Protein chains: 2
Amino acid sequence: MAQRNQLKFIILGLLSENDLTGYDITKAFESDIGEFWSANHSQIYPLLKRLEDEQLISHKLEVVGEKLEKKLYSITQSGKEVLRQWLSEPTPELSATKDEFILKLYFIHTADDPLLMPMLTEQHQLHEAKLHHLQEQMAKKFPDHTSQNNLGHFLILQHAIQRETRYTAWLVDLIEKIKTD
Amino acid sequence: MAQRNQLKFIILGLLSENDLTGYDITKAFESDIGEFWSANHSQIYPLLKRLEDEQLISHKLEVVGEKLEKKLYSITQSGKEVLRQWLSEPTPELSATKDEFILKLYFIHTADDPLLMPMLTEQHQLHEAKLHHLQEQMAKKFPDHTSQNNLGHFLILQHAIQRETRYTAWLVDLIEKIKTD
DNA sequence: CTGAACATGTAATAAGTTACATGATTCC
DNA sequence: GGAATCATGTAACTTATTACATGTTCAG
């Protein structure tokens, strides 16, 4: 997808919370934010340079040990404004979901197709695992069931848990129905 | 996204049901399949050529009126095999959802942020409209509430309706909760 | 001392969007 | 006759993935 550079805003958003290195940002996509967005380091490092050229962020060097230099990035005032502008803009596009399993399902025409049941059980396992993972994240990040200063993060976890609960239940129903055919 | 060419399989899948022109395929992404995938004609026409080079599809010319030539594409035996192979492969990747609103929400930290409520009401409208649209589609495509020879299409519509119902309910809850704060 | 994790980059390629470009047919 | 829709293509650019490439630090 060549959509209008959402990654740029994610980086600004993350830097608005903490100063981070490119590596830290890469890691963020493997945990927290990875629940609902992805990016590789090979995309992140060049973009950090570009954002610095645009003066939305700046960096200072931190030396670790003998010689390893880390670039610790901070958001600038201008960067904060760009971030806030993005947040305040309408978000009128409901992008297509692009779930490969759903795509495949579209091309299964009858309940007796031998490919159907394996597909359903595979997805059931995957979504149940995802659900458990999300529930663990929720328990870990919000142990007292309140959002504190992280309302957004709390809400999207809650939302994702609801989504996966619903997805899993749909698959279970379907598996039952097709079994008893 | 440079994911492993799902569009290729969508085209093969569509052509396995009917012979179609590039224009027909483009239109399919604006209706049916557009609920859960998107593609532009500028991506479709070159890919049709490539798939023909790979001998997965072939075309014959149909002349309409005086001189307009349409290319009506058909799937080949080899194409059918490639499609079936794709369908039978595991689908172990739960791709990140990439919902821009969810992304923005992540960076809203407190319930009293003035940006929050407008975001929620905007999304509520969008998702409610989407839900209605899906319900209409369902009523139109499956008026007798059975899937006939289109199980897959029926199921993904059902799934999408459940998803949007859940999404809308979550937003309504949230709006209520924040209002009475 | 060694392997895992930290840390940063580039290159090649693929996928996707937006804009440019043209012409025919059908319906009113 | 004119507008909407049908029909097909290319060009320029951006975004994203995979692979290549290198070196440091820390924990056991």
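Since the structure is predicted, the reported quantities are computational estimates derived from the model, not experimental observations. Just so we're on the same page: letters track the sequence lines, and every chain starts at 1.
Between A:Trp37 atom CH2 and D:dT17 atom P the separation is 11 Å, expressed in whole Å. In this structure, B:Gln6 places its CD atom 12 Å from P of D:dT17, rounding to the nearest Å. Rounded to whole Å, the distance from CD1 on A:Ile10 to C1' on D:dA16 is 13 Å. Rounded to whole Å, the distance from CD1 on B:Ile25 to P on D:dA7 is 12 Å. What separates CZ of A:Phe9 from P of D:dT15 is a distance of 10 Å, to the nearest Å. Between B:Ile11 atom CD1 and C:dA15 atom C1' there is a gap of 13 Å when expressed in whole angstrom units. The CD-P distance, from B:Glu69 to D:dG9, rounds to 10 Å in whole Å. Summarising the geometry, the separation between NZ on A:Lys70 and C1' on C:dT8 is reported as 12 Å, rounded to the nearest angstrom.
Residue pairs meeting the salt bridge (Lys or Arg N to Asp or Glu O under 4.0 Å) criterion with at least one member in residues 50-76 of chain A, sequence neighbours excluded: A:Lys8-A:Glu54, A:Arg50-A:Glu54. Residue pairs meeting the salt bridge (Lys or Arg N to Asp or Glu O under 4.0 Å) criterion with at least one member in residues 137-162 of chain B, sequence neighbours excluded: B:Asp32-B:Lys141.
B:Thr91 is linked by a side-chain contact (heavy atoms from CB on, under 4.5 Å) to A:Glu100, A:Phe101, A:Lys104, A:Glu122, A:Gln123, counting only residues two or more places apart in sequence or in another chain.
Distances shown here put every side-chain N or O of B:Arg4 at or beyond 4.0 Å from the OP1 or OP2 atom of D:dT18. Under 4.0 angstrom from either OP1 or OP2 of D:dT8 there lies no side-chain N or O belonging to B:Lys71. Contact between the side-chain N/O atoms of A:Asn40 and the OP1/OP2 oxygens of D:dA16 is not found at any separation under 4.0 Å. At least one side-chain nitrogen or oxygen of B:Thr21 sits closer than 4.0 Å to the OP1 or OP2 atom of D:dT8. OP1 or OP2 of C:dT8 has not a single side-chain nitrogen or oxygen of A:Tyr23 nearer than 4.0 Å. Contact annotation: A:Lys8 side-chain N/O to D:dT15 OP1/OP2 distance is not under 4.0 Å.
Outside the 6.0 Å centre-distance limit, the rings of A:His41 and A:Phe29 are not counted as a close aromatic pair.
Of all the heavy atoms in A:Tyr73 and A:Ile57, the pair that sits closest is CD2-CD1, 3.5 Å.
Using cut-offs of 30° and 60° on the angle between ring planes, the pair B:Trp86 and B:Phe9 is parallel.
Judged by distance alone, the side chain of A:Ser74 and the main-chain N or O of A:Asp19 form no donor-acceptor pair under 3.5 Å.
Side-chain proximity of A:Lys98 to D:dA16, C:dG16, D:dA7: nearest is C:dG16.
Side-chain N/O atoms of B:Ser42 and base N/O atoms of C:dT18 include a donor-acceptor pair closer than 3.5 Å.
When each of B:Gln43 and A:Ala39 is assigned the nucleotide of DNA chain D bearing its nearest heavy atom, the one mapping closer to the 5' terminus is B:Gln43.
Annotation: proximity of residues 45-59 of chain B to DNA chain D (heavy atom, distance under 4.0 Å) is found for B:Tyr45, B:Lys49, numbered in ascending order.
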Donor-acceptor contacts, no H, no angles, side chain residues 124-135 of chain A, under 3.5 Å, sequence neighbours left out:
residue, atom, partner, partner atom, Å
A:His127, ND1, A:Glu164, OE1, 2.5
A:His132, ND1, A:Glu128, O, 3.3
A:His133, NE2, A:Glu35, OE2, 3.2

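Between A:Glu81 and A:Arg84, none of the side-chain N atoms (NZ, or NE/NH1/NH2) sits under 4.0 Å from a carboxylate O, so this pair counts as no salt bridge.
Atom CD1 of A:Ile175 sits about 6.0 Å away from atom CG of A:Leu171, to the nearest 0.5 Å.
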Quiz prompt | nucleotides 20-28 of chain D: protein proximity per nucleotide (B base, S sugar-phosphate only, - neither; heavy atom, under 4.0 Å) | solution = ----SSS--
